[in-house]
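The block underneath contains the structure these notes are about, expressed in structure tokens.
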Number of protein chains: 2
Amino acid sequence: MERVGIVDLGSGTARLVVYAYEPGRHYRLVDELREPVRLGQGLAASGRLEAGAVGRALAFLAAVQDYARATGLERIDVFATSAVRSAANAGELLEPARRMGLALRVLSGEEEARYGVLAVAAGFTLEDAWVMDLGGGSAQLSRMRGRSFAGGGTYPLGAVRTSERFFAHDPPKPREVAALEAEVLRRLREVIGELRAEALPLVAMGGTVRNLARAVQRARRYPLDRLHGYFLRTRDLEELSERLLRLRAARRRRVPGISSDRADVIAAGALVYRTLLREAGLEGLWVSGLGVREGAFFRHFLPPPHRPACVRELHLTNLEARFPQPPAHTQSVRDLTGRLFAALAPRFGLGEGDARLLDAAARLHDVGLALGFYDHHKHGAYLVLQHTLAGWSHREQALLALLVRYHRKGRPRPGALAALLEPGDEERLLRLAVLLRLGEHLERARSGRVNRLEVELGAEEAVLRVGGPENPWVEVWEAQKDARLFERAFGLKLTVRGL
Amino acid sequence: MERVGIVDLGSGTARLVVYAYEPGRHYRLVDELREPVRLGQGLAASGRLEAGAVGRALAFLAAVQDYARATGLERIDVFATSAVRSAANAGELLEPARRMGLALRVLSGEEEARYGVLAVAAGFTLEDAWVMDLGGGSAQLSRMRGRSFAGGGTYPLGAVRTSERFFAHDPPKPREVAALEAEVLRRLREVIGELRAEALPLVAMGGTVRNLARAVQRARRYPLDRLHGYFLRTRDLEELSERLLRLRAARRRRVPGISSDRADVIAAGALVYRTLLREAGLEGLWVSGLGVREGAFFRHFLPPPHRPACVRELHLTNLEARFPQPPAHTQSVRDLTGRLFAALAPRFGLGEGDARLLDAAARLHDVGLALGFYDHHKHGAYLVLQHTLAGWSHREQALLALLVRYHRKGRPRPGALAALLEPGDEERLLRLAVLLRLGEHLERARSGRVNRLEVELGAEEAVLRVGGPENPWVEVWEAQKDARLFERAFGLKLTVRGL
């Protein structure tokens with residue numbers, strides 16, 4: 001595994017993230033240092049970085065260097081964005097950083113936007129979209145076409161900057177709110193016109209939107225603790241922003257989901273998003289947990305154009321690689337399950353999406369073994385739910401977790417995850433779970449003993465004939481126990497026999 | 001890591017467990033095959049193994065061999081217990097097993113009891129106890145003295161055997177219940193006298209007691225999903241056994257916690273335990289999740305006398321070894337936290353148990369990183385709760401999980417685990433958590449930068465002076481943020497300064 005550190009000196013937060021990866025195959029975040037450095041503090045008024053802010057940023061960089069020495073991290077990619085880009089005295093930070101031996105790059109607005117688009121191309125299955133990245137200093141709004149950056153602009157609408165410039169009171173006065181709204185409209189008029197003209201999804205990234213989405217999830221008791229891939233609805237954001245704009249910062253800090261670091265600038269950020277969504281007439285936006293830092297990482301991880309061929313596959317592989325399972329057993333379950341699916345799919349109208357889900361569940365069914373043998377079906381479901389399975393919708397992620405949960409025993413029930421499912425998904429869960437379980441039980445001895453499987457579908461009965469070099473009667477005996485669940489799922493009696 | 005398989009052909013269940021281990025250091029269960037083979041079926045009536053039972057056992061052994069071939073498992077230790085020991089036609093199983101190349105050992109009652117005592121010596125901090133192992137065929141009741149086997153007996157009171165012999169009806173008639181009770185009293189009269197004479201804890205193992213304990217935990221909504229180390233109270237068992245004895249097997253199967261494999265014999269097993277507890281005048285028994293198979297495993301894992309020097313240490317090491325953390329950082333947090341504790345303990349009356357908890361929490365605080373960086377404090381708490389931390393009470397395990405949970409942020413609260421705590425534990429949690437968090441924050445750059453720490457305790461203020469080769473002001477800045485929590489915990493203002 002290789003390692004690379006990415007340092008992002010934003011206007012609000014400074015962060016080091018460290019990735020471990022096998023180039024082009026899989027990656028994971030292994031560490032993070034984060035400080036609310038507020039590099040952009042006071043910049044809106046003076047156009048200059050304050051001495052205190054520069055000192056905090058340099059202290060952070062020194063800590064990064066010590067971290068790198070202590071952990072043997074050799075490659076670090078350091079960049080700064082809006083605050084440094086727009087400060088008249090940027091040299092006061094850049095020079096000492098260079099003397100420390102760090103090649104600090106100042107990203108242009110377009111570079112920053114391109115990194116953001118890379119993150120969306122790696123985190124969503126969308127071909128075309130608008131991408132919004134709202135940071136502390138600036139906002140990038142870009143057009144992604146065919147998964148590539150296709151133009152966009154940078155606007156001085158970051159949460160720290162707009163708070164400082166427009167909100168002199170706490171909470172802001174109505175006229176301050178109106179002034180910021182007018183500013184957003186003025187700056188974004190043209191692009192809002194384009195958004196209205198071409199109804200594409202909007203993907204948003206950065207700490208502000210993650211924080212807003214988390215607050216909405218908490219308020220709505222969203223059953224999944226995942227931000228990436230969450231659809232933040234305009235009407236929920238309207239409600240939340242109204243609330244945030246009426247509260248003092250000290251009270252905003254206590255709104256569940258709002259992080260205390262951001263409480264003083266979140267209201268301005270919420271207002272920028274609200275105005276954009278309202279004026280563009282969108283029903284909501286997709287939250288991306290991947291952002292500029294991930295975009296920067298993908299330039300190390302993948303050769304140009306730095307995009308994964310298949311988003312779903314990449315993130316599934318990330319999870320598999322992190323929690324290795326017995327490979328031969330997993331492959332056998334995949335094969336057996338696939339054969340059962342092929343036999344039953346036509347009659348029961350199971351489609352491509354179902355095949356994809358079942359195959360992914362077969363690949364992941366034993367990931368929980370990494371945590372311990374007992375209850376590994378529950379551990380596996382926990383891992384599937386805790387992992388960012390980018391490219392898979394939250395509904396699909398819930399179904400995958402449930403399939404893993406019920407791959408050995410128990411009656412499949414969605415429980416708290418029901419809120420993420422669609423009509424028909426309970427039946428889908430039951431059907432796919434019983435196929436996965438038959439695959440698992442036919443692989444009872446985890447030895448690939450069953451290598452032949454014939455399925456005969458009658459009007460009232462399904463007969464599985466299984467064979468292999470040994471008489472697989474332990475497997476026959478185990479699989480036969482699934483007959484009741486099978487009948488409930490498919491309305492057919494199940495008989496399992498040796499070939 | 002070495003691997004060994006242990007096969008246990010019990011009267012009810014046949015099982016292969018596979019352990020991976022570093023001899024003498026740590027181990028874990030990595031796989032299991034389990035079949036309700038019912039080898040002892042019909043044995044009580046005829047004194048012989050039935051042909052069907054022998055066939056099922058041999059099929060299971062063939063599956064074990066295929067498993068071993070497929071997974072490259074070279075060492076397998078195969079033993080049988082009561083059913084084979086007492087069957088007139090044991091050769092009908094032993095001969096074919098030998099022809100398969102398996103050295104199947106038939107354990108004597110005393111060997112079986114000795115293995116059980118080994119399991120207790122490795123799973124509890126007790127020096128002296130009674131150990132009960134109730135299987136399908138027989139029950140061993142042994143005296144453990146100074147962590148060694150010191151005599152005991154084997155009784156024909158296994159759950160399968162007593163069900164077959166005494167319970168002809170479903171549910172059993174009152175006279176059948178009375179007859180089994182009389183039998184238990186008759187068989188155990190002498191040992192019950194000894195139990196009454198010497199009030200020692202009783203530790204119980206085997207599938208029956210695990211199943212009974214799980215049912216009680218479900219009924220009482222016990223907040224921890226751990227059987228090992230659970231204290232099953234006599235009055236809860238009285239209530240449960242009354243209920244089980246009144247229900248038909250088909251209904252017992254649906255009692256939450258009762259496994260469907262055991263539903264037909266669990267009532268007899270419950271009655272045996274109830275009678276023993278009642279007559280011995282005990283308030284309850286300790287459930288051991290480790291049993292005869294673990295005892296057999298410890299003979300591979302540890303040199304004679306096959307007992308770990310320190311039970312708590314072994315199981316903590318098992319968890320650490322399974323989810324490795326950055327060793328230098330963990331050691332630094334341990335050191336810093338230890339120094340803070342030493343400075344505060346005298347004034348606040350913190351004792352040895354607190355020191356042990358805090359040190360264990362420092363050792364485990366980053367185990368969750370194995371699951372992912374984000375939310376690793378939550379992942380860590382999950383892992384601590386899911387692991388069998390033998391030697392640590394459930395209360396201690398809950399406190400450890402909570403310390404890990406709150407080692408980075410959030411206000412420490414016990415939540416659902418409150419039911420496991422004692423008076424004063426909420427304050428203890430708060431105090432230990434803030435010390436751990438200070439250690440973590442002083443190790444912010446994970447580089448051991450802070451290597452000097454002086455603590456000055458005044459009447460109203462605590463001053464921490466921190467130093468190292470670099471000016472550690474990121475650390476000072478981070479640690480200072482804990483001042484509010486520190487004040488809440490200790491009633492002292494906190495000031496953190498560079499040395």
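Here is how names work: the chains are called A, B, and so on, in the same order as the sequence lines, proteins then strands, and each is numbered from 1.
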**Criterion side chain to side chain donor-acceptor pair (under 3.5 Å) on A/Gln386 and B/Tyr374, from CA distance to verdict** = CA-CA 9 Å; A/Gln386 293 297 325; B/Tyr374 291 121; over 6 Å; no

**Request:** State whether A/Phe373 and B/Arg322 meet the cation-pi test: NZ (Lys) or CZ (Arg) under 6.0 Å from the six-membered ring centroid, and within 45° of the perpendicular axis.
**Result:** no

**Prompt:** Should the pair A/Tyr222 and A/Tyr230 be assigned to parallel (<30°), tilted (30 to 60°) or perpendicular (>60°) ring geometry?
**Reply:** perpendicular

**Prompt:** Taking A/Arg28, A/Gln65, A/Arg34 one by one, which has the highest count of heavy-atom pairs under 4.5 Å against chain B?
**Reply:** A/Arg34

**Prompt:** Is chain A contacted by the side chain of B/Glu475, its backbone, both, or neither, given a heavy-atom distance below 4.5 Å?
**Reply:** neither

**Complete:** Looking only at B/Arg69, B/His387, B/His379, most heavy-atom pairs under 4.5 Å shared with chain A are made by B/His379

**chain B contact via A/Ala370 - which portion, at a heavy-atom distance below 4.5 Å** = backbone

**Request:** Quick one: which of A/Val64, A/Val17, A/Val30 has the most heavy-atom pairs under 4.5 Å with chain B, could you say?
**Result:** A/Val30

**Message:** Would you say the ring centers of B/His329 and B/His365 fall short of 6.0 Å from each other?
**Reply:** yes

**Asked** In terms of heavy-atom pairs under 4.5 Å with chain A, which of B/Leu371, B/Val474, B/Leu33 leads?
**Response** B/Leu371

**Item:** Under 3.5 Å donor-acceptor, B/Asp31 side chain and B/Val18 backbone
**Value:** no

**Request:** Return the option, out of B/Pro472, B/Ala445, B/Ala328, with the maximum number of heavy-atom pairs under 4.5 Å with chain A.
**Result:** B/Ala445

**Request:** Please flag which part of B/Leu29 lies under 4.5 Å from any non-hydrogen atom of chain A: side chain, backbone, both or neither.
**Result:** both

**Asked** Among A/Ala63, A/Ala70, A/Ala62, A/Gly372, who wins on heavy-atom pairs under 4.5 Å with chain B?
**Response** A/Ala63

**Prompt:** In terms of side-chain heavy atoms, does A/His377 have a donor or acceptor partner in A/Arg408 at a distance below 3.5 Å?
**Reply:** yes

**Item:** Contact leader toward chain A among B/Tyr67, B/Tyr382, B/Phe60, where contacts are heavy-atom pairs under 4.5 Å
**Value:** B/Tyr382

**Request:** Quick one: sort the A/Tyr19 and A/Phe297 rings into parallel, tilted or perpendicular, breaks at 30° and 60°.
**Result:** parallel

**Top contributor to chain A interface from B/Arg444, B/Lys378, B/His376 [non-hydrogen pairs under 4.5 Å]** = B/Arg444

**B/Arg3 side chain to B/Glu74 backbone, donor-acceptor under 3.5 Å** = no

